[in-house]
Amino acid sequence: MTADQFCTFTLAGQHFGIIVDDVQEVIRHRPGSRVPLAPAAVVGLMNLRGRIVPVIDLRTRLALPPQPAGAEPFNVVVRTKDGPKALVVDDIGDVLTLDEGTFEPTPGTVRGPAGELVRGAHKLADRLLLILDVPKVLTYAPAAAG
Amino acid sequence: MSDLDDIVKEFLVESYENLDQLDRDLVVLEKAPTDRATLGSVFRTIHTIKGTCGFFGFAKLEAVTHVGENLLSRLRDGLQPLTSDVTTALLQLVDAVRELLDRIEKTGGEGDGNYAELIGHLTYLQHAKVLPPAPVEAATAAKTTTDVGVIDASIRVDVGVLDQLMNLVGELVLARNQAVLAAPSSDEPHFHRAVQSLTQITRELQDAVMKTRMQPIGVLWDRYQRIVRDLATQLGKQVRLELEGGEAELDRGILEAVKDSFIHVVRNAIDHGIESPAVRLERGKPAEGLLKMRAAHTGGQVVIEVSDDGGGISPDRVRAKAVEKGLITADQAARLNDHDAVRMIFLPGFSTADAVTNISGRGVGMDVVKTNIEGIGGSLDVRSTLDVGTTLRVNIPLTLAIMPALTLRCGGERFAIPQMNLLELVRLDGAAARKSADQLHGLPVFRLRDQLLPLVFLRDVLNLGGEQDLEEWNILVVQAEGRRFGLVVDRVLDSQEIVVKPLDPQLKSLTVYSGATILGDGGVALILDVLGLARTAGVLSPLDRDRERVKASGKSTPVSVNTQTWLLLASGPDRRFALPMAPVVRIADVPVGDIESVGRLAVIRYRGDILPLVKLTDALGDPPRPWAGDSIAVVIFRDGDRLVGLAVDRVVDVVEAEARTQATAARPGVTGTAVLADRVAELIDVPAVLRLTDPWAALTAEVGAS
């Protein structure tokens with residue numbers, strides 16, 4: 001049975017994970033410069049040691065309520081073929097090693113962005129860990145504008 | 001490719017280079033079939049490939065090159081002449097070799113291509129004719145052993161390494177900028193000196209690395225002799241290609257970007273420009289057409305000219321075609337001068353080719369070339385004289401990666417704008433701004449030395465929020481595709497060299513940015529794309545884009561100058577319209593009480609007939625507004641065999657003036673704006689307005705319904 005390592009984090013009280021191999025680093029959130037006219041989830045461009053990295057707000061992308069005022073979020077920087085991208089998350093959790101046995105794909109009945117962007121969930125003892133499809137999260141464009 | 005031996009890789013690289021040389025040599029040979037030196041070089045190239053591939057066990061390649069070598073050795077020894085047939089076959093041989101090499105590179109094997117026919121043909125040619133040996137030109141034989149020694153001074157470097165070097169230099173420039181920014185706050189003299197030398201060294205390094213990426217434009221041209229020859233043969237034309245200034249150097253990224261465009265231009269010139277030999281002789285020209293490509297450095301740019309001595313472009317045919325395709329109205333076409341008319345070949349969807357050929361008549365020609373050239377910050381223009389020829393002139397920047405730019409602030413964000421788009425900066429305090437800014441149908445314009453400059457508020461285009469400061473206007477006068485407009489920003493910050501970084505693919509659809517850059521303090525600024533801004537803000541319409549051109553000197557001159565009689569009309573207290581007097585039948589003063597309605601349509605009785613009225617402001621899409629006075633002015637036009645009236649509040653004046661058309665707002669019914677009698681007036685396109693409203697059709701419909 002194969003096992004994967006996941007970098008875990010929370011968003012609006014829910015637990016999410018992405019495969020740890022995709023993660024380059026985790027840093028304190030910096031909003032960067034705004035990109036006027038960009039999709040709502042692209043909240044800025046930041047300078048990460050000389051590289052220009054787009055900052056994508058996961059709450060917006062997953063249609064979750066916005067961060068409360070005064071929140072101190074983190075940026076999870078993921079590697080992609082187009083260079084690194086930063087994902088804004090509420091809080092960072094542990095790196096978990098989980099095997100396939102606890103995994104279940106997202107039921108087709110889940111609607112909204114989560115239905116498309118969550119690959120499935122690992123059933124942990126006390127909670128569900130939702131596994132994000134990173135490439136889809138990065139490029140997702142809602143069908144209806146707004 | 002990854003598991004391919006290094007030796008094979010080297011063999012491939014070398015062979016490709018040799019093949020390019022071969023293409024050139026063969027075309028040269030066709031002109032001078034007895035040039036022993038060139039024949040010798042061709043022979044050696046094929047011989048080398050054959051020898052090496054035998055060693056690697058590439059049997060097909062060996063078989064093909066073997067018959068080629070046999071044929072070539074006969075040619076070299078003067079046993080048979082180089083005819084056009086033989087040249088064609090040899091070029092096919094080069095193609096076959098290239099195809100095989102390509103397959104080896106991609107798959108490691110030769111594939112299953114069948115070359116028996118080619119081998120048969122080459123063998124046939126070899127035995128076709130045996131001639132007595134031609135006299136050998138002793139002078140040329142001596143040349144064979146020269147042309148060595150350059151190789152020792154250069155090495156082959158992977159392009160990836162060069163790109164990486166360029167990136168690192170980019171980082172260094174940023175670090176330097178940061179150091180320069182920090183220097184004034186330090187009172188350590190050593191630091192100042194260090195920053196100074198850092199600046200100097202960085203600049204030199206930047207220049208040096210830039211140089212490694214430069215390639216002579218000649219590398220693009222290497223294969224043109226071959227392309228031109230093939231095309232001319234295919235089209236039954238005779239074309240001589242002259243290349244000049246091939247040593248002018250360009251950044252390889254730019255070369256790569258314009259490669260296809262130039263091939264397209266060359267194809268166009270041969271296909272549509274140069275006439276068939278019979279036609280040329282008839283016109284008193286030599287049967288052989290001349291295609292000339294010239295490159296030269298001027299300032300920070302390379303100018304490339306492609307000229308042919310062909311039939312030229314007929315401005316009238318271009319006008320007719322543009323009208324037929326609905327790109328402009330007949331009226332607009334008549335007003336365009338010949339140069340502007342010819343420039344319409346750059347409009348999207350334009351193609352003058354009478355016959356669609358498989359070579360260039362795809363109807364997507366020159367506008368793609370134009371977009372491509374402008375995409376890298378270049379510009380192009382065309383000059384053509386009927387029956388004499390056509391010259392296309394292209395200006396291309398030397399490099400893209402690092403460029404001088406102006407940084408600015410708007411809506412709390414910082415942006416950069418390339419200096420090459422910038423013409424001048426205008427700063428106005430509130431009163432001056434209000435005085436020189438006119439409203440033109442809700443569109444702000446600014447009077448700059450008596451020329452109208454449409455204004456674009458960056459805050460609005462980018463939806464930045466906040467309010468425009470009324471006390472201080474900073475206007476950047478910029479140009480895109482030769483059209484000028486004023487970009488209003490909050491503050492102008494600084495002029496600096498920026499390193500252009502591409503935008504995230506997800507943001508590529510935002511055409512208002514061309515990239516991003518890191519500023520001296522580490523912050524990120526978006527680089528504004530002037531062309532994208534202009535399009536988004538609607539200050540460019542397809543035709544406007546080509547109306548006004550900027551001369552190569554960078555000085556802008558309006559192109560369309562109309563001296564004619566204008567009828568100046570007014571609507572409300574502030575709107576001025578002008579329309580050409582010529583087509584006006586009559587102007588009538590009509591009491592508002594005399595206006596009757598048929599359904600939703602206003603009509604008046606005029607000389608015993610019904611005259612439908614078009615309220616000009618309604619036709620232009622203004623909100624409905626009652627008439628200002630007790631009577632209105634009706635300007636009567638002939639529409640086909642009937643009359644229609646254009647209704648406005650009043651007639652102001654008739655002026656004889658040279659209206660400097662400042663084409664703006666892509667709005668149906670308005671061709672542009674002009675300063676007439678000291679006021680800004682919108683120039684009305686009467687046929688378009690009538691088409692927009694079609695009052696007679698509306699009247700017929702209303703009558704039918706009631």
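As a basis for the values below, the full set of heavy atoms in this structure was taken, side chains included, without hydrogen atoms, waters or symmetry mates. To find a chain, count down the sequence lines: A is the first, B the second, and so on, and within it residues start at 1.
Contact annotation for A/L48: neither backbone nor side-chain heavy atoms come within less than 4.5 Å of a heavy atom of chain B. Heavy-atom distances place the side chain of B/V512, and not its backbone, under 4.5 Å from chain A. B/L526 touches chain A through its side chain: at least one heavy atom from C-beta onward sits under 4.5 Å away, while N, CA, C and O do not. Proximity to chain A (any heavy atom under 4.5 Å) is restricted, for B/T517, to the backbone atoms N, CA, C and O. Proximity to chain B (any heavy atom under 4.5 Å) is shown, for A/V35, by both the backbone and the side chain. If you measure heavy-atom distances from B/L464 to chain A, the contacts under 4.5 Å come from both the backbone and the side chain.
Comment: B/K501 engages B/E171 in a salt bridge, judged by a side-chain N to carboxylate O separation of less than 4.0 angstrom.
B/E413 and A/S33 share no side-chain donor-acceptor pair at under 3.5 Å. Under 3.5 Å, the side chains of B/Q196 and B/Q200 contain no donor-acceptor pair of N or O atoms. The closest side-chain donor-acceptor pair between A/Q67 and A/D90 falls under 3.5 angstrom. Side chains of A/T10 and A/H15: a donor-acceptor N/O pair is absent below 3.5 angstrom, by distance only.
Using bins of under 30°, 30° to 60° and over 60° for the plane-to-plane angle, the ring pair B/F457/B/W473 lands in the perpendicular bin.
Heavy-atom pairs under 4.5 Å with chain A were tallied for B/L507, B/V461, B/T536; the largest tally goes to B/L507.
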